[in-house]
Amino acid sequence: MRFGRKAAVGAGLAAGGAGVARARRTKRHVAYPPGPDAIEAKDARAATDRLLAQPRVSRRDLTMPLAATLSTSVDPLLHGRRYFPRMLDDIAAATDSIHLLIYGYKPGEIGTTFFDVLAEKVRAGVEVRLQVDAIGSEIDMGSRKLFRALHDAGIVIVANDGILPDRDGPLGKRRLDWRLDDFGHFDHRKMMVVDGRVGYVGGSGIEDHYNDERFYDVMCRVTGPILAELQLVFFASWRFQGGPRPSRPLDAYFPADVLDVPADAATTGRAIPTTVLWNVPGEGHHPISDAIEQSLEEARQAIHIVNPYIADRAILERILEAARRGVETRIVAPGKPTPPYPAAAFRHHYQRLIDAGVKILLHPQMAHAKVLRIDDRVFVGGCNLDALSLFRNDELDLLFESPEVAELTERQVFDELVEMSVAATIPTGRREKVWNATMDRVSRLL
């Protein structure tokens with residue numbers, strides 16, 4: 001069991017309780033689809049400028065509706081052996097800025113590799129900003145030495161504190177934040193923006209278990225106008241955590257030609273409708289949750305899911321109803337779940353799901369990717385299908401609406417995962433069934 005996930009679940013139990021979980025849902029407002037006031041990619045720079053002009057950025061300021069825009073390329077990459085080399089190549093090619101927002105960055109072989117490349121870019125004059133979750137990255141515990149080295153190399157770092165004390169500001173100058181606006185909320189997002197031109201969004205940390213056979217995750221590489229909105233998300237989060245304002249004009253981070261789309265893009269598959277979905281907890285702003293629920297309700301042909309934590313009853317009921325109306329439904333879940341509690345809650349529903357025709361497959365390792373293909377819609381990001389991710393964490397997903405991306409995701413993600421997996425069996429033991437039912441009853445806390 002990974003410490004970060006244990007701590008997040010533990011804090012949810014301590015700060016949550018069923019009553020608090022219900023209260024968070026009660027405050028929820030519809031955040032998807034984005035309304036007519038949503039920020040378009042062409043306006044992302046101006047929106048960033050307004051945020052940077054504020055003395056402080058509040059959690060409410062983060063609830064920005066983001067309009068659907070376009071990606072000119074989409075490449076979902078399964079497993080660290082594929083996406084880490086691509087990420088490192090893009091970092092090595094950076095000439096201006098590197099922005100990393102990563103829940104978990106920890107010591108190890110891959111952590112050292114990233115450190116070496118990032119430090120070299122700082123020496124070459126490239127700006128490097130790093131946002132992490134303090135618990136997910138263990139910055140005050142097992143990763144203290146690593147983060148001191150990152151700081152000493154000239155990388156500017158801020159962190160989210162989901163457990164008290166809540167502190168803001170760059171590492172080395174962090175101060176107490178009496179607003180306590182991070183408490184109970186973990187920043188579970190995983191994103192990188194290089195030179196404002198290349199982006200990655202997915203579910204991976206910078207940790208060795210993503211680079212060997214223990215964890216299977218996905219990072220999706222994107223280019224095009226979508227980068228302007230991802231850059232806005234980064235800077236909004238950066239200032240919310242007390243990161244220093246950039247000293248240069250914003251044009252350096254928002255290259256104008258990123259908004260250009262080739263004239264033949266529509267006919268060559270290089271104009272892919274894409275929406276940035278950012279769950280902002282504590283404000284009832286959960287567009288990922290809204291979009292997934294809506295997509296499941298509207299599904300007519302296929303629902304293919306890989307997700308390590310499937311425990312939210314509202315999601316499970318929508319999956320069940322889709323299968324009952326004849327939608328071909330397949331779920332890949334980890335055969336070695338870490339931690340085991342959400343998986344137990346999911347197993348409680350095996351009988352009904354399998355009886356309805358849902359095909360449940362268990363991956364031999366920790367299938368940690370969070371990818372949903374629902375007809376021609378594809379969600380890729382870091383959001384699990386449990387209450388912790390859907391309602392209490394900061395989460396980031398990309399929603400692609402394209403039959404070409406749906407087919408690409410089948411080939412590059414699902415085909416390999418399905419081939420490795422085996423069919424799940426319905427629990428029969430009395431003790432296991434009681435345990436599973438108990439975990440389902442407390443699933444709002446998981």
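Computed from a prediction, not measured in an experiment: that's the story for all the values here. All values below were derived from every heavy atom in this structure, side-chain atoms included, with hydrogens, water molecules and symmetry-related copies excluded.
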Please confirm whether the backbone N or O of Asp312 pairs with a side-chain atom of Asp386, one donor and one acceptor, at under 3.5 Å? no
Looking at Arg270 and Asp264, is any side-chain nitrogen of the basic one under 4.0 Å from a carboxylate oxygen of the acidic one? yes
Please step through ring-ring contact (aromatic ring centres under 6.0 Å, His included) for the pair Tyr253 and Phe234, ending with a clear verdict. CA-CA 11 Å; Tyr253 310 100; Phe234 183 89; 9.4 Å; no
Mind listing the closest non-hydrogen atom pair of Lys190 and Gly382 along with its distance? NZ-O, 4.1 Å
Kindly indicate whether the side chain of Trp278, heavy atoms from C-beta on, has any atom under 4.5 Å from the side chain of His285. no
Under the criterion side chain to side chain donor-acceptor pair (under 3.5 Å), I'd like the reasoning laid out for Tyr216 against Glu416: C-alpha separation, chi angles, the key distance, then a yes or no. CA-CA 11 Å; Tyr216 278 67; Glu416 182 173 336; 5.1 Å; no
Report the relative orientation of the aromatic rings in Phe215 and His368; use parallel for angles under 30°, tilted for 30 to 60°, perpendicular for over 60°. tilted
Return yes if some donor-acceptor pair links the side-chain N/O of Tyr200 with the main-chain N/O of Arg86 below 3.5 Å, else return no. yes
Close side-chain approach of Tyr83 and Val218, heavy atoms under 4.5 Å: no
From Ser295 OG over to Asp290 CG, what is the distance, rounded to the nearest 0.5 angstrom? 10.5 Å
Tell me, yes or no, whether the heavy-atom count around Arg81 atom CZ, taken from other residues, nucleotides or ligands under 6.0 Å, exceeds 12. yes
When you compare the side chain of Arg377 with that of Glu298, does any pair of heavy atoms fall below 4.5 Å? yes
Looking only at heavy atoms, what is the nearest atom pair of Ala367 and Val306, with distance? CB-CG2, 4.1 Å
Kindly indicate whether the side chain of Asp181, heavy atoms from C-beta on, has any atom under 4.5 Å from the side chain of Asp177. yes
Thinking salt bridges, do Glu207 and Lys106 make one under a 4.0 Å N-O criterion? yes
Between atom OG1 of Thr69 and atom CD of Glu229, what is the distance when rounded to the nearest 0.5 Å? 5.5 Å
Note: Ile110 and Asp208 closest approach over all heavy atoms is N-OD1, 2.9 Å
Test Lys121 against every option in Asp96, Asp116, Thr95, Val126 by the side-chain contact (heavy atoms from CB on, under 4.5 Å) rule and name the one that passes. Val126
Give a yes or no on whether the backbone of Gly243 and the side-chain of Arg239 come within a donor-acceptor separation of less than 3.5 Å. yes
Side chains of Ile292 and Leu385: does their closest heavy-atom pair fall under 4.5 Å? yes
When you measure from the side chain of Glu401 to the backbone of Pro273, do you find a donor-acceptor pair of N or O atoms at a distance under 3.5 Å? no
Side chains of Val198 and Arg221: does their closest heavy-atom pair fall under 4.5 Å? yes
Side chain to side chain contact (heavy atoms under 4.5 Å, CB included) for Phe391 and Ser289? Distances and angles first, verdict last. CA-CA 8 Å; Phe391 301 105; Ser289 314; 4.3 Å; yes
Polar side-chain atom of Tyr309 near backbone of Thr338 as donor-acceptor pair, under 3.5 Å: yes
Checking Ile102, Leu101, Ile91 against Met192 for side-chain contact (heavy atoms from CB on, under 4.5 Å), the one that qualifies is Ile91
Non-hydrogen side-chain atoms of His286 and Leu390 separated by less than 4.5 Å: no
Would you check if the side chain of Ser137 reaches a backbone N or O of Tyr103 as a donor-acceptor pair within less than 3.5 Å? yes
Reference residue Arg174; test salt bridge (charged side-chain N to carboxylate O under 4.0 Å, His left out); the match among Asp182, Asp168, Asp161, Asp166: Asp161
For a quick test of reading the model, state the closest non-hydrogen atom pair linking Glu395 to Ser389 and the distance between them. OE2-OG, 2.6 Å
In terms of heavy-atom contacts, Asp187 and Asn160 come closest through N-ND2, 3.4 Å
Run the salt-bridge test on Asp440 and Arg313 with the 4.0 Å N-O cut-off and return the result as yes or no. yes
Distance col, row Leu130:CG vs Ile206:CD1, nearest 0.5 angstrom, shows 7.0 Å
Closer than 3.5 angstrom, by distance alone: can the side chain of Trp238 be matched with the main-chain N or O of Pro244 as a donor-acceptor pair? yes
Return yes if some donor-acceptor pair links the side-chain N/O of Arg392 with the main-chain N/O of Leu445 below 3.5 Å, else return no. yes
Heavy-atom count around Glu109 CD within 6.0 Å, excluding the residue itself: above 12? no
So, Ser237 side chain and Val233 main chain: donor-acceptor pair closer than 3.5 Å or not? yes
Decide if atom CZ of Arg179 counts as having more than 12 heavy atoms of other residues, nucleotides or ligands within a radius under 6.0 Å. yes
Test Phe84 against Phe114 for ring-ring contact (aromatic ring centres under 6.0 Å, His included), laying out the working first. CA-CA 9 Å; Phe84 282 140; Phe114 268 82; 5.7 Å; yes
Please name the pair of heavy atoms, one in Lys370 and one in Asp217, separated by the smallest distance, quoted to 0.1 Å. N-OD1, 4.4 Å
Please check this pair: side chain of Arg82 against backbone of Leu77, looking for a donor-acceptor N/O pair closer than 3.5 Å. no
So do Met64 and Leu51 actually touch side chain to side chain, heavy atoms under 4.5 Å? yes
